[in-house]
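One structure is given below, encoded as structure tokens.
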Amino acid sequence: MSILVDENTKVLVQGITGGFGGKHAQLSLDYGTQIVAGVTPGKGGQIFGQKTPVFDTCEEAAKETGATVSAIFVPPPFAADAILEAVDAELDLVVCITEGIPVADMMRVKEIMRGSKTRLIGPNCPGIVTPGLGEDSHGGCRIGIAPGYIHKRGNVGVVSRSGTLTYEAVYQLTELGYGQSTCVGIGGDPINGTSHLDVLKMFNEDPETEAIIMIGEIGGNAEAEAARWAKENCSKPIAGFIAGATAPPGRRMGHAGAIVGGEEDTAEAKKAILAECGIAVSETPSDMGKTLVGML
Amino acid sequence: MNIHEYQAKELFEKFGVASPNGQVAGTAEEAEAVARAIIENGEGKQLVIKAQVHAGGRGKGTFKNGFQGGVHLIETPEKAAEYAEKMIGQTLVTKQTGEEGKLVSKVMIAEAVDIERELYLAILMDRETCRPVIVASTEGGMDIEEVAESTPDKIVRQFIHPLAGLQAYEVRKLIKALELVGDQAKQFGKLIKNLYALFLKCDCSMVEINPLVVTPEGDILALDAKFGFDDNALYRHPDIVAYRDTDEEDPREVEASKFDLNYIGLDGNIACLVNGAGLAMATMDIIKHCGGDPANFLDVGGGATKEQVSAAFKIILGDPNVKGILVNIFGGIMQCDIIAEGILAAAKETGLSIPLIVRLEGTNVAQGRELIANSDLDVITAESLNDAAEKAVAAVSA
């Protein structure tokens, strides 16, 4: 078991004929992920790489190949439309990697998605990895842009807003000999499809996940909301880290959502809330793995 | 991105949000002509002349030439010219600008407005509900944070359905909360509809009118406004991008933006060059944790080119406070060998003479480390993030 995706998951890639989408689709194929289709309007009929068929629409691609999950690498002006196309095709999961989608577009997408069967992860996220059992975790499901080889199949769930901090945590865990059940990058935008809380709930239900690392940053209250839920409901040990202790107030720190707006969303305030809720807070990003292992 | 007061007024005029009569001027002659035109069309009111800078506290500020105050009441076109002469081309220091102050290149001249009531009105994008929210209060003219603290019941919030838009009953609720009746209610109804349209059409993250005034004549006018725009949406608003005034920004940040680099200048002496916003923040945090002070936030992004890395180095080295550089790359999208090439090229090009600490991990890390090891440059390599931060702090204290 794992959450959201596993080695049997069939994935289509929207924007597979672009440089960025193509490169990461190929890396996923090399990792052993079942990338079964690509979608680029107007390029239906082409073949990507050795044998991956390209379709004009998500609907066709899903119908012809049985894909249930989409990875989106479409440029920002067209990404909201791409998400809605995947929702219309009734896919189970849409992972939107695209960075820079206007907030107003995401607001509309979020509203239209209410009540649909599709879950959205991202946007502006590194994607999801459920590591495989092969060498360097080969044979797993890699959707997005994470370096696959740093992973190892195991029992720690990782959830984070930041891509590179996710890799950092995964790498530390693997070095310490602890593998991962699933690693989820929920993205750095102020409006996203799946929250820290949503992922914690899934990890809590997943029998393979025995411990969790939750990584957050300044801005918003998603980490506090997740921590408060975990205090009452989560039976598994959680280690946490919050980035941005040195960020000047009112400045947007790279991620569109990483901005200190008030007293409650500073790194210090969030760390205090996490600690109150029984989460072991790592003082530095170098100790995320060690902090979790210390709880086991 | 911030905009000037006169630009905010232009947007208000374009969308039909009432504000006092006024115009911008870039020279003393223009100021005189503008003042004359307003007086001729006006109702014998006083005028106000305001220095245009992106900073508050203008009224109590001081120009470096000794002239007091960036906001003055005036009565004649001649006075407008005289004051404009003393402001334009001069540097205004206010409590928000820091010692270096801000260069004034334009002034705004507007009718001075008598005030009967001061209200507060704002529209924001609310991240918790993923909806726009209108915030209104009868307690305008003061810091809204203070109102929220002392009399939270005097602030009303109306969330707007993103697909349905602003509804008539929502407007009526706001009118009631602001205690407006008769013609004023009508004026406000028009103003809030137009303001909401402006908020959506311009992809604002925030529009704040404080104060929204009711004059003794019963007019409702936006007296002062603050705008925030969604940077992600600027590609579809060339007219708003044209409002950008790079003279108002940190020159290092302006240079960085030319290369699509995400840079924010700070006061410390250890510069960082990192890929990924989260890791860039965490790198600053760990420098502080190890007893050092970060000189900047710098995210070179997911797909940085050699040119971008070179540009990043030059910007970092342009900061005279910088005594050492910490490069921290965890390659997911980015390949470590490309970063290594960029670092080496930039170090050579800039004749680097301060300690450079490099920590690489991720895709193609072996090739990246090999490139650095085989170069003739004196680079301190680090294995982990903690190791890198400790070495950087030690290097700048040596």
Side-chain angles (χ1 to χ4, degrees), chain A residues 20 23-24 27 76-77 99-108 110-112 126 144-147 149-150 160-168 171-172 188-191 215 217-222 241 243-248 251-258 262 267 283-287, chain B residues 125 127-128 130-132 145 161-164 199-200 203-205 230-236 262 264 266 268 274-290 293-294 297-299 301-303 328-334 361-365 384-389:
Chain A
F20 187 46
K23 175 177 147 188
H24 285 285
L27 285 171
E99 175 176 5
I101 305 177
V103 178
D105 292 10
M106 279 313 301
M107 184 179 78
R108 280 190 287 276
K110 185 104 180 167
E111 195 60 46
I112 294 167
I145 57 178
Y149 75 92
I150 62 171
S160 168
R161 270 156 81 177
S162 148
T164 39
L165 277 176
T166 311
Y167 315 155
E168 196 72 51
Y171 184 73
Q172 289 169 19
D189 273 5
I191 296 181
I215 304 163
E217 61 195 34
I218 52 169
N221 70 348
F241 175 71
T246 46
R251 298 299 307 265
R252 192 177 98 141
M253 306 302 283
H255 286 156
E283 269 310 309
T284 78
S286 241
D287 296 327
Chain B
M125 200 59 96
R127 55 198 284 180
E128 265 47 274
C130 305
R131 291 180 171 200
E145 309 278 333
H161 192 287
L163 304 179
F199 177 83
L200 288 187
D203 275 297
C204 297
S205 53
D230 174 12
D231 290 356
N232 285 354
L234 286 177
Y235 73 86
R236 57 190 179 199
N262 233 316
I264 293 173
L266 300 166
V274 189
N275 71 321
L279 191 60
M281 275 189 275
T283 304
M284 288 162 43
D285 294 349
I286 200 168
I287 288 172
K288 190 93 184 171
H289 185 81
C290 292
D293 270 312
F297 167 90
L298 174 57
D299 170 14
N328 182 21
I329 302 294
F330 205 114
I333 315 176
M334 181 170 285
E361 199 57 69
T363 309
N364 294 356
V365 64
S384 73
L385 183 44
N386 202 37
D387 185 36

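Atoms considered below: every heavy atom in the structure, side chains included; atoms not considered: hydrogens, waters and symmetry mates. Chain naming here is simple, since letters A, B, ... match the order of the sequence lines and numbering starts at 1 in each.
- Between B/P132 and A/M107 there is a side-chain heavy-atom pair separated by less than 4.5 Å.
- Residues satisfying the ring-ring contact (aromatic ring centres under 6.0 Å, His included) criterion with A/Y171, sequence neighbours excluded, are B/F330.
- Residues A/E111 and B/H161 have side chains in contact (heavy-atom distance under 4.5 Å, counting atoms from C-beta outward).
- Within the 4.5 Å cutoff, the side chain of A/S162 has heavy atoms near those of the A/E217 side chain.
- With a 4.5 Å cut-off on non-hydrogen atoms, B/R236 touches chain A through its side chain but not through its backbone.
- A/P126 does not touch chain B: none of its heavy atoms, backbone or side chain, sits under 4.5 Å away.
- For B/D285, the parts lying under 4.5 angstrom from a heavy atom of chain A are both the backbone and the side chain.
- With a 4.5 angstrom heavy-atom cutoff, B/M284 touches chain A via backbone and side-chain atoms both.
- Between A/P76 and B/N232 the shortest side-chain heavy-atom distance does not fall below 4.5 Å.
- Contacts of B/A280 with chain A are absent, with no heavy-atom separation under 4.5 Å from either backbone or side chain.
- Only the side chain of A/I150 comes within less than 4.5 Å of a heavy atom in chain B; its backbone stays farther off.
- Counting heavy-atom pairs closer than 4.5 Å to chain A, the top residue among B/A388, B/A233, B/S205, B/A282 is B/A282.
- In this model, a donor atom of one side chain and an acceptor atom of the other lie less than 3.5 Å apart for A/D287 and A/T284.
- Using a 4.5 Å cut-off between heavy atoms, B/L298 makes no contact with chain A at all.
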